[in-house]
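What follows is a short report on a single structure.
Residue numbering restarts at 1 for every chain, and letters A, B, ... go by the order of the sequence lines.
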There are 2 protein chains.
Amino acid sequence: MTVEGSLTNTVGFLLGKLGQQANGQFADRLAPLGLRPRHCAVLELLAGGPRAQLELAKAVGVTPSVVVDMLDELETLDAVRRVRDTADRRRQLIELTSTGLDLRHQTLSLARQNDEELLSAIDPTEVAALRQILGRIAAATGLVEK
Amino acid sequence: MTVEGSLTNTVGFLLGKLGQQANGQFADRLAPLGLRPRHCAVLELLAGGPRAQLELAKAVGVTPSVVVDMLDELETLDAVRRVRDTADRRRQLIELTSTGLDLRHQTLSLARQNDEELLSAIDPTEVAALRQILGRIAAATGLVEK
DNA sequence: TATTGTTATACTCTATAACTATA
DNA sequence: TATAGTTATAGAGTATAACAATA
């Protein structure tokens, strides 16, 4: 048993450590695809329809110049297309290509594999409870658009 | 309700996001003390007795040169002392000073405040369940020495 | 010759600010 | 004059590798 009154027992500390671990493992799985976790959030958003770059920046929580880089990379992979908005020629609408959609399915599958590995030590009913509680905290802190 | 089959529903994704959030909030609380989350792990370890720098590096999971920097900072704060090991003069044993011990108490208190803020949306029995499950996952993945 | 700690260097990630083209 | 996107630059944070002292 861990020492009472220790930092290690803190939920925040555990979340930090486990989050880093989960993210690192996920990044390793994504690497062969030429993607990193950040890209997945973009693919996910674009699956809901085309978006402008600044919209993506705000939604993913990164600065616009980072979005430019990510989209350059995704374009190199033929995962997305930049199409000029005819109504406002300053904007570019980012569309998911068919290979982008396929890539998104793959990342989703990898994310599930990642979960399985991460959660292999605890039983299914607890996994469900965990997912539910984490989802509620994320929603409460506004981390995820409901 | 969130879309079924979405990355956002994944435990790994939620852990990553929440971990980053928890860590950021904790870092903000620590900033006035001149500390960052990493330092807390060092203070915690040293509370169990003096350690050599390479031991600290391995335990905290950072590279030796980073430990040098962290200890320089902690020494500036008078939180730790480097004392040459008389048995092996290459080693330096790092000791917690009394102000370091005090600092450790403060960081623990801040970590608890952080938990309260983070978990304000969910009720106590669920918090207990969450802490228990996270602790078990962390132990299973070897993230925390039991 | 190997090991502890240190320093110097480089690399990644991200943010800031200047720039263009459109509005 | 303001906005969308881009580029250039700089700042954290971290890792790698060369180095001095000791074993």
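Within residues 14-22 of chain A, no residue has any heavy atom under 4.0 Å from DNA chain C.
The side-chain contact (heavy atoms from CB on, under 4.5 Å) test applied to A:R131 returns A:D115, A:V127, B:V11, not counting sequence neighbours. With sequence neighbours left out, the side-chain contact (heavy atoms from CB on, under 4.5 Å) criterion links A:T63 to A:S65, A:V66. Partners of A:R104 by salt bridge (charged side-chain N to carboxylate O under 4.0 Å, His left out), not counting sequence neighbours, listed by chain and number: A:E44. Shown here are the side-chain contact (heavy atoms from CB on, under 4.5 Å) partners of B:P50, two or more places apart in sequence or in another chain: B:L93, B:E95. In this view, A:D85 and A:R91 satisfy the salt bridge (charged side-chain N to carboxylate O under 4.0 Å, His left out) rule, not counting sequence neighbours. A:E116 meets the side-chain contact (heavy atoms from CB on, under 4.5 Å) test with no other residue; sequence neighbours excluded. Partners of B:D69 according to the salt bridge (charged side-chain N to carboxylate O under 4.0 Å, His left out) rule, which considers only residues two or more places apart in sequence or in another chain, do not exist here.
Atom CD in A:Q92 sits about 10 Å away from atom P in D:dT7, given to the nearest Å. If you measure from atom CD of A:E55 to atom C1' of D:dA4, you get 11 Å, rounded to the nearest angstrom. As rounded to whole Å, 13 Å separates atom C1' of C:dT4 from atom CG of B:L71. Between the CZ atom of B:R81 and the C1' atom of C:dG5 there is a distance of 19 Å, given to the nearest Å. Between the P atom of C:dT20 and the CD atom of A:Q53 lies a distance of 18 Å, rounded to the nearest Å. In this structure, the CZ atom of A:R82 is 12 Å from the C1' atom of D:dA4, given to the nearest Å.
Side-chain contact between B:E75 and B:V80 is present, with at least one heavy-atom pair separated by less than 4.5 Å. Residues A:L74 and A:L46 form no side-chain contact, since every pair of their non-hydrogen atoms from C-beta on lies 4.5 Å or further apart. Residues B:V62 and B:V67 meet the side-chain proximity criterion, which asks for heavy atoms closer than 4.5 Å.
Axis angle, first five pairs versus last five pairs of the helix from C:dT1-D:dA23 to C:dA23-D:dT1: 20°, rounded to 10°.
Linking ILVMFWY side-chain heavy atoms closer than 4.5 Å, directly or via other members, places A:L71 and A:L54 in two distinct hydrophobic clusters.
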Strictly under 3.5 Å: I want the nitrogen or oxygen pairs between protein and nucleotides 19-23 of chain D, one per line.
residue: D:dA23; atom: OP1; partner: B:R89; partner atom: N; Å: 2.9

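Listed by first and then second residue, the salt bridge (Lys or Arg N to Asp or Glu O under 4.0 Å) pairs involving residues 9-32 of chain A are A:R29-A:E117 (not counting sequence neighbours).
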Treating primed atoms plus P, OP1 and OP2 as sugar-phosphate and everything else as base, which nucleotides of nucleotides 9-19 of chain C get B, S or - for protein heavy atoms under 4.0 Å? ----SSBB---
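For the pair B:R51 and C:dG5, the criterion of a side-chain N or O lying under 4.0 Å from OP1 or OP2 is not met.
Residues A:A59 and A:L45 share a closest heavy-atom pair of CB-CD1, 3.5 Å.
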